[in-house]
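Single-structure report; data block below.
Since the structure is predicted, the reported quantities are computational estimates derived from the model, not experimental observations. Heavy atoms only: backbone and side chains are in, while hydrogens, waters and symmetry mates are out.
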Amino acid sequence: VQLQASGGGLVQAGGSLRLSCAASGRTFSRYAMGWFRQAPGKEREFVAAISGNGGTTSYVDSVKGRFTISRDNAKNTVYLQMNSLKPEDTAVYYCAASISRWGPSVYDYDYWGQGTLVTVSS
């Protein structure tokens with residue numbers, strides 16, 4: 001599976017962005033998908049995940065109520081809608097795919113996209 005993330009950019013605090021992650025292949029619905037982020041000098045951290053059929057989602061506490069993960073299996077794409085953005089959300093955001101399990105650990109995922117930079121100004 002190849003993943004291509006897009007949609008990052010510069011936004012003011014309180015603003016919104018929608019990230020997209022397009023996947024190659026015909027078996028997209030078999031993969032749980034996750035979003036992670038990595039700020040300068042920090043470890044990559046879990047943001048959100050969604051099951052293969054989209055029926056179950058999970059979020060890190062710091063984004064609950066502000067971010068929404070969704071997917072369109074017909075388009076082989078997963079999204080991350082980010083609202084009420086804060087400067088501390090600034091990071092490179094990565095999408096990832098898991099064939100066997102899903103969760104908050106980077107080790108749960110088998111494939112990674114290249115990342116898209118989100119910068120939130122105060």
Nearest-0.5 Å distance that lies between atom SG in C21 and atom CD in Q4: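 CD of Q4 is found 8.0 Å from SG of C21.
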Quick one: pull up CD in Q114 and OG in S6 and give me the separation to the nearest 0.5 Å.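 That separation rounds to 8.0 Å.
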Any donor-acceptor N/O pair, T90 side chain to V120 backbone, under 3.5 Å: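 Side chain of T90 to backbone of V120, a donor-acceptor pair under 3.5 Å: yes, one is there.
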Under 3.5 Å: donor-acceptor pair, side chain of D110, backbone of I99: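 At least one qualifying donor-acceptor pair exists.
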For a 4.5 angstrom cut-off between non-hydrogen side-chain atoms, does [X] reach [Y]?
| X | Y | result |
| --- | --- | --- |
| L85 | L17 | yes |
| M82 | W35 | no |
| T119 | L117 | yes |
| F46 | D108 | no |
| V1 | Y31 | yes |

Which atom pair, heavy atoms only, marks the closest approach of [X] to [Y]?
| X | Y | value |
| --- | --- | --- |
| L3 | Y111 | CD1-O, 3.6 Å |
| N73 | S29 | ND2-CB, 3.4 Å |
| Q38 | K42 | NE2-O, 3.1 Å |
| Y59 | I69 | OH-N, 2.9 Å |
| S51 | R71 | O-NH1, 2.8 Å |
| N83 | S16 | OD1-OG, 2.9 Å |

Tell me, with the steps shown, if I50 and T56 meet side-chain contact (heavy atoms from CB on, under 4.5 Å). CA-CA 6 Å; I50 188 167; T56 305; over 6 Å; no
Flag if over 12 foreign heavy atoms under 6.0 Å of CZ, R66: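 Enclosed.
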Atom CD of Q2: over 12 foreign heavy atoms under 6.0 Å: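 For Q2, atom CD is not crowded (no more than 12 foreign heavy atoms under 6.0 Å).
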Working note: M33 + Y109, criterion side-chain contact (heavy atoms from CB on, under 4.5 Å); need CA distance, chi angles, decisive distance, verdict. CA-CA 8 Å; M33 299 296 296; Y109 296 84; over 6 Å; no
For the pair D89 and K86, evaluate salt bridge (Lys or Arg N to Asp or Glu O under 4.0 Å) and give the outcome as yes or no after the intermediate values. CA-CA 5 Å; D89 294 319; K86 304 176 181 180; over 6 Å; no
Full working for side-chain contact (heavy atoms from CB on, under 4.5 Å) between V118 and L19: CA-CA 9 Å; V118 172; L19 305 184; 4.0 Å; yes
Hydrophobic cluster membership, with links at side-chain heavy-atom distances under 4.5 Å among I/L/V/M/F/W/Y: are W112 and Y79 in one?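 Looking at the clustering, Y79 is in a separate group from W112.
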Output, in order, the C-alpha distance, side-chain angles, deciding distance and verdict of side-chain contact (heavy atoms from CB on, under 4.5 Å) for T116 and V92. CA-CA 5 Å; T116 185; V92 177; 6.0 Å; no
Checking side-chain polar atoms at under 3.5 Å, does T77 have a donor or acceptor matched by the opposite partner on D72?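 No, no side-chain donor-acceptor contact under 3.5 Å.
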Testing the 3.5 Å rule here: is there a donor-acceptor pair between the side chains of Y93 and R37?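 A pair is found: one side chain offers a donor N or O, the other an acceptor, under 3.5 Å apart.
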Step through it carefully: locate the ring centre of F36, locate the ring centre of Y94, and say whether they are under 6.0 Å apart.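 Between Y94 and F36, which both carry aromatic rings, the centre distance is not below 6.0 Å.
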